[in-house]
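Notes follow once the structure below has been shown.
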Amino acid sequence: MKSVVQLKDEVVAPADGYRDATVDSGARRVITVAVAGNPNAGKSTLINAIAGSRLHVGNWPGVTVEKKEASFEHQGTRIRLVDLPGTYSLSPYTQEEIIARDYLVQERPDLILNVVDSTNLERNLYLTVQILELGIPVVMALNMSDEAQEKGYRLDVKGIEEMLGVVAVPTAATRKSGLDQLLEAVVATAAAPKLRRPKKLNYGYDIETAAELLARELALESAPLLERFPERWLVLKIMERDEHVLRQVNFGDEALLERALHHLRSEHGDDVESLMAEARYGLASGLTREVLRKPELKKTELTEKIDRVVLNRFLGIPIFLGAMWLMFKLTFDLSKPFGDWINDMTGGPFKHWASILLGAIGAPDWTVSLATEGVISGVGFVLVFVPVIFLMMFFITFLEGSGYMARAAFVMDRAMHAIGLHGKSFIPMLLGFGCNVPGIYATRTLENPRDKALTALLIPLMSCGARLPVYVVFTGAFFPRSSGTVIWSLYVMGIALAIVMGLIFKKTLFRGEAPMFIMELPPYRMPSLHSLCVHTWEKGKHFLIKAGTYIFAVSVLVWFLLNLPWGVENRKDSYLGQAGQVMAPALAPLGFGTWQAASSLITGVIAKEIVVGTMGEIYAPKKEEAKQEFKPFGEEVKEVAVSFGKACRESVSNVVSTFGITSLDTQEKEERSALKGMVLKTFTPLTAYAFMAFVLLYMPCMVVAFAMRQEFNGWKWFGVAFAYQTVLAWGMACLIYQGGTLLGLGG
Amino acid sequence: MMPLGLLGVGEHGEIAEIRVAPTLCSSGCGNERGKCDCRVEDLGIRVGKMVEMLRNAGGPILLKVDESRLALDRALAMKIMIKEVAK
């Protein structure tokens, strides 16, 4: 390693054939390092361990595949890490592969950091062999070297370096070992790229002869091509008839290709692509035999032992359901007190402080109302979701990182086939019962766009927690004795309609074969707390930032709609009330064609629990303001802290006494009982049920809308969801009301 | 020769033929057409390779190839032919 480090001081000359190295404003060199490797090779753990908080997450242009970048100094050299999607190969068959190789070929990083799983060398080297074709210097991280050691594997690192012409460094990203040596190797290799050219591997006499022939012909007839692309890679890809490349380079000279491939074809048949794949795999497997010594005796691994139970034909599904139940339970029990705390704080002290502050600077009354009723309430609605979402994301990250998520998909696969989906889709749908938003975000684990879109379309039919308050108010008023059964029937209705819609979509929008799946089940691992936190934050912060800003805007808008035109006395005459009056006739066939119901449904679009709140405001007799008595400032601050402490205690005790969700109807009793009285006057049991069905089914809330837009880079799928849900909600409510009336249940 | 999907749990086999078009399987990745995807070969399922059946109880199968555990659709497993090897 010493000798490598010394190379660093040599003169930095731009390597021939490469674009000049990026130079920052201080004329200091920036090394661009592309990180490539198999999925499950520990690539993201390694990058997190190296870059930590300097990691920047974005998307690759035009696709929803995540792009992670980090820029930092190491021993006076600026390093820019670009994480490529995990791939098994550089063929053109998947979005990930195309992104990875387009980047490597077009951006020409100074260096490729190839992360290799030392416990699974052969398959990982198959990708390495393809990376070497690019002629870009390669530093190899022999990751998970700790696990390889535990298994008794002996790796000949020097041998790998010599045979491939790369610098190889054993690393264990989870323990942060080997990272310094790795960065040193990166800096040293980038400083002397000429000395560190990867070896040109021999693909066998026939392939090499044809490749030489083609290279010579290309040099004569289309020399500019060879300047734009790495020569060996281009030649091999043209030989393989890689359509993606042929299109890119605009290569149409069939005669030339025919001449070059003539001998190869006559000897080995027409499938040159398979022949090359064989040659590459042969190299990977030969190399593995050379450098890897495995112990003779093999003990049953822990992963195999766990799998025997977890994937058991009879135990598999109960274990999965148990794990999910536990996750739900923990998420909601732990987060609820914090959500309530945020709700109380934004509703009480914060509003109070804001009004005092605005009063002190002499702001007009309407701004006080805007700040408290509009902004603080609106943003509060988002903040209330934060504990739930982050906790749920934390547990999901844990399940993913430990390796269980892939097993859950395996176990549920059969059941999900019925609606044209794979097992993996089950998890986001299940999460949807808690809150649709994390469910939508969780579709990120489904890499196949068809599955992802279909799953996201069905998630809003899972009755989320926000719809529960509406059910509680209505069943409390109309079905006091059987409210549990009625609420249960709504959940079942959602599931049943999801199955029906799944079948319909399968036959219409998502016609054609469901792709057959092949999926790796990684070994079980204990994820480190650090990487859990990093990934939880990555998943959750999108929600926090984007949804937060949109919600802010929308809640201001709604405030104006409720309070304009200026000086409006009656809610009925506000813009929202007027909109409600316009909408009401459309709801008449459903049995609740009043402007009040319509207005509350309109605001429910922001978040469905607002439906209850709006009804409260609309139905309530004119508000008597300023009746609340506020405590002195100091006491209120104390209260904020004390109630936070109480929330923490409650959160813990909730988990200890793991049974029974903190019941909803014990809270806010007085406020709601007044509303129940009003509701009893304007609804009948039948219209109440139709109304609840409508709330269950109509357009998901704004946060879901923005989550969908974010996940799918556009409004298309949300548009589909909006359209079918509106039709479904109207249709079902109409069916319930009209059908019920016909059956004489209308009274 | 027999389809991989018929191999019993704990039995070993040697892959003899792969009758899957490269565009038919999904490794959990995808393109806009929703079909696509990579070749089973890229995950190490290759002619001549020894594999071991870990789970085969209806639904997808679980296969051990080298050091990886791979879950395959049954439909996919029926299109991969193996030679059974006594072990």
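Just so it is clear, the model here is predicted, and its values are computed rather than measured. Residue numbers start from 1 in every chain, and the chains themselves are labelled A, B, ... in the order their sequence lines are given, proteins ahead of strands.
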To the closest 0.5 Å, what do you measure between CD1 (Ile82(B)) and NZ (Lys49(B))? 15.5 Å
Is chain A contacted by the side chain of Ile61(B), its backbone, both, or neither, given a heavy-atom distance below 4.5 Å? backbone
Answer with side chain, backbone, both or neither: which region of Asn120(A) has an atom nearer than 4.5 Å to a non-hydrogen atom of chain B? both
Ranking Leu62(B), Ile45(B), Leu54(B), Val65(B) by heavy-atom pairs under 4.5 Å to chain A gives rank one to Leu62(B)
Keeping the roles fixed (side chain from Lys43(A), backbone from Leu84(A)), state whether a donor-acceptor pair exists under 3.5 Å. yes
Below 4.0 angstrom, N of the basic side chain to O of the carboxylate: do Lys64(B) and Glu304(A) qualify? no
Look at Asp242(A) together with Arg101(A) and state whether they make a salt bridge at an N to O cut-off of under 4.0 Å. yes
Residue from Asp117(A), Asn38(A), Val411(A), Thr303(A) scoring the most non-hydrogen pairs under 4.5 Å with chain B is Thr303(A)
Only distances under 3.5 Å count here; give the side-chain donor-acceptor pairs of residues 283-294 of chain A to other protein atoms, sequence neighbours excluded, each with its distance to 0.1 Å.
from	atom 1	to	atom 2	distance (Å)
Thr288(A)	OG1	Ala284(A)	O	2.6
Arg293(A)	NH1	Arg289(A)	O	3.2
Lys294(A)	NZ	Glu67(B)	OE2	2.9

Examine whether an atom of Arg308(A) lies under 4.5 Å from a heavy atom of chain B, and if so say whether it belongs to the side chain, the backbone or both; otherwise answer neither. both
Can Glu240(A) and Arg280(A) be counted as an ion pair, charged N to O under 4.0 angstrom? yes
Heavy-atom proximity to chain A below 4.5 Å, by part of Leu63(B): neither
Examine whether an atom of Asp307(A) lies under 4.5 Å from a heavy atom of chain B, and if so say whether it belongs to the side chain, the backbone or both; otherwise answer neither. both
Does any backbone or side-chain atom of Tyr153(A) lie under 4.5 Å from a heavy atom of chain B? Answer side chain, backbone, both or neither. side chain
Between Arg74(B) and Asn56(B), is the side-chain hydrogen bond (donor to acceptor under 3.5 Å, both in side chains) condition met? List the steps. CA-CA 9 Å; Arg74(B) 181 153 296 274; Asn56(B) 189 351; 2.5 Å; yes
Which one, Thr119(A), Asn312(A), Thr87(A), Leu127(A), leads in non-hydrogen pairs under 4.5 Å with chain B? Thr119(A)
